[in-house]
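The structure appears right after this line, and notes come after that.
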Protein chains: 2
Amino acid sequence: MARETPLIQDVADYCLQKGFRFTEPRQFVLDIIARSKKPIGAYEVLEKLGKKLKNPKPPTAYRAIEFLSEHGFIHRIESLNAYIICQSDHLHKGSQFMICDQCGTVLETHLCDLPEPLVKKTRDAHFHLTRWNVELHGICQTCYKPV
Amino acid sequence: MARETPLIQDVADYCLQKGFRFTEPRQFVLDIIARSKKPIGAYEVLEKLGKKLKNPKPPTAYRAIEFLSEHGFIHRIESLNAYIICQSDHLHKGSQFMICDQCGTVLETHLCDLPEPLVKKTRDAHFHLTRWNVELHGICQTCYKPV
DNA sequence: TTTGATTTGTTACAATATAACATTTTAATA
DNA sequence: TATTAAAATGTTATATTGTAACAAATCAAA
């Protein structure tokens, strides 16, 4: 489930195999997002990218983010407009996140399949599922203080 | 599951009972979102609101949206930055949407509880869930054309 | 009819994201 | 190895989405 080989190497291999270029912006953005303990916004990525590249502009960050996201190495947390490294080790059609509304930490969990009650809903509606995103909001173990 | 009484009346009753004011901006915004076949963005709401109020500004739309959303009468579709009328008839902690990436139609489905595999994940992580949001992307029945 | 809480009006701006086009890089080809 | 075409980036400008801050109005209760 969890990654066993260095992320950068995996992505480099992936790109080599698929004929994509693992360019500086892509490497740096991957590294920035991977090092972030919490989801990080595009403009914060851009700011950190500025320490590596000379005066990068928003499209540089957004393009790298888009590339990494399309290929499943990072995920966008929609309710936060922020990005997080994929904590799973293989491509998946769906993501589940537990988002602590107090400290902002996000935990990704992996499910191979969409839970059956949801599958049933899509079947009943004749809906052809391509991908899914589950965002669970609450308080993480660390922040939770029972009354 | 589905609504049986007029939405506007329900919201009016709710406000009366809870001591909120069901003001013009709130009524109009509710009506605009309710009439929209698809999720509608805040600025499109604002534009339509302009036919009812004189020159409304963004905060007027956003405030009404926030109010209606907080009280469960509308939902925000995070992946579309857009809002949709609640298709269920009672307050719920979680939402599920089937989003057609071709025509943009969204179907809300109701689940009383979070599916067990997800509940298990939250239990294992000692995560205290307060609300959840599931966005299922794909192609709806109408748009789907088998090859 | 005053009061205080709620809600709105208004101005200004912050934060997030993309379009469009020029330039560079790269690997494959000629 | 020079050429070329695709992929990717650089750059400018702007679009889209969302909010802070404070003044004014509304409304129910005292």
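Sequence lines set the chain letters: A, B, ... in the order given, protein chains first and strands last, and positions in each chain run from 1. For the numbers below, each heavy atom of this structure counts, side chains included, while hydrogens, waters and symmetry mates do not.
- One finds a salt bridge joining B:E116 and B:R123 here, because a Lys/Arg side-chain nitrogen approaches an Asp/Glu carboxylate oxygen to under 4.0 Å.
- Residues B:L136 and B:I99 fail the side-chain proximity criterion, which asks for heavy atoms closer than 4.5 Å.
- For the residue pair A:Q17 and A:D13, no side-chain donor N or O sits within less than 3.5 Å of a side-chain acceptor on the partner.
- Rounded to an integer number of Å, the gap from B:L46 CG to C:dT10 C1' is 13 Å.
- The aromatic rings of A:Y144 and B:H128 sit parallel, their planes meeting at an angle under 30°, below the 60° perpendicular limit.
- Using modelled atom types and a 3.5 Å distance limit, the side chains of B:S79 and B:E135 yield a donor-acceptor pair.
- The nearest whole Å value for the distance from the CZ atom in B:R26 to the P atom in C:dG9 is 11 Å.
- In this structure, B:L53 places its CG atom 6 Å from P of C:dG9, rounding to the nearest Å.
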Could you go through nucleotides 18-24 of chain C and list every protein N or O atom that sits under 3.5 Å from one of its N or O atoms, giving the distance for each pair?
residue: C:dA20; atom: N6; partner: A:R63; partner atom: NH2; Å: 3.2

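- Taking 4.0 Å as the cutoff to heavy atoms of chain B, we find the contact window on DNA chain D bounded by D:dT17 to D:dC27.
- Contact detail for B:W132 and B:Q96: the closest heavy-atom pair is NE1-NE2, 2.7 Å.
- Every residue two or more places apart in sequence or in another chain that forms a side chain to side chain contact (heavy atoms under 4.5 Å, CB included) with B:S95 is listed here: B:H75, B:H92, B:F97, B:E108, B:N133.
- Of the possible donor and acceptor atoms, one in the side chain of A:T122 sits under 3.5 Å from a partner among the backbone N and O of A:V119.
- Within the structure, every pair that satisfies the salt bridge (Lys or Arg N to Asp or Glu O under 4.0 Å) test and touches residues 25-50 of chain A, not counting sequence neighbours, is listed here: A:D31-A:R35.
- For the segment residues 74-86 of chain B, residues with any heavy atom less than 4.0 angstrom from an atom of DNA chain D are, sorted by number, B:R76, B:N81, B:Y83.
- A:L107 contributes atom CG, which lies 8.0 Å from atom CD1 of A:I84 (distance to the nearest 0.5 angstrom).
- In this structure, A:I40 places its CD1 atom 11 Å from P of C:dT16, rounding to the nearest Å.
- Looking at heavy-atom distances under 4.0 Å, A:F20 makes contact with sugar-phosphate atoms alone, never a base.
- Residue order along DNA chain C, read from the 5' end via each residue's closest nucleotide, puts B:P56 first among B:P56 and A:G41.
- Not counting sequence neighbours, the partners of B:F73 by the ring pair (Phe, Tyr, Trp, His ring centres under 6.0 Å) test are B:Y14.
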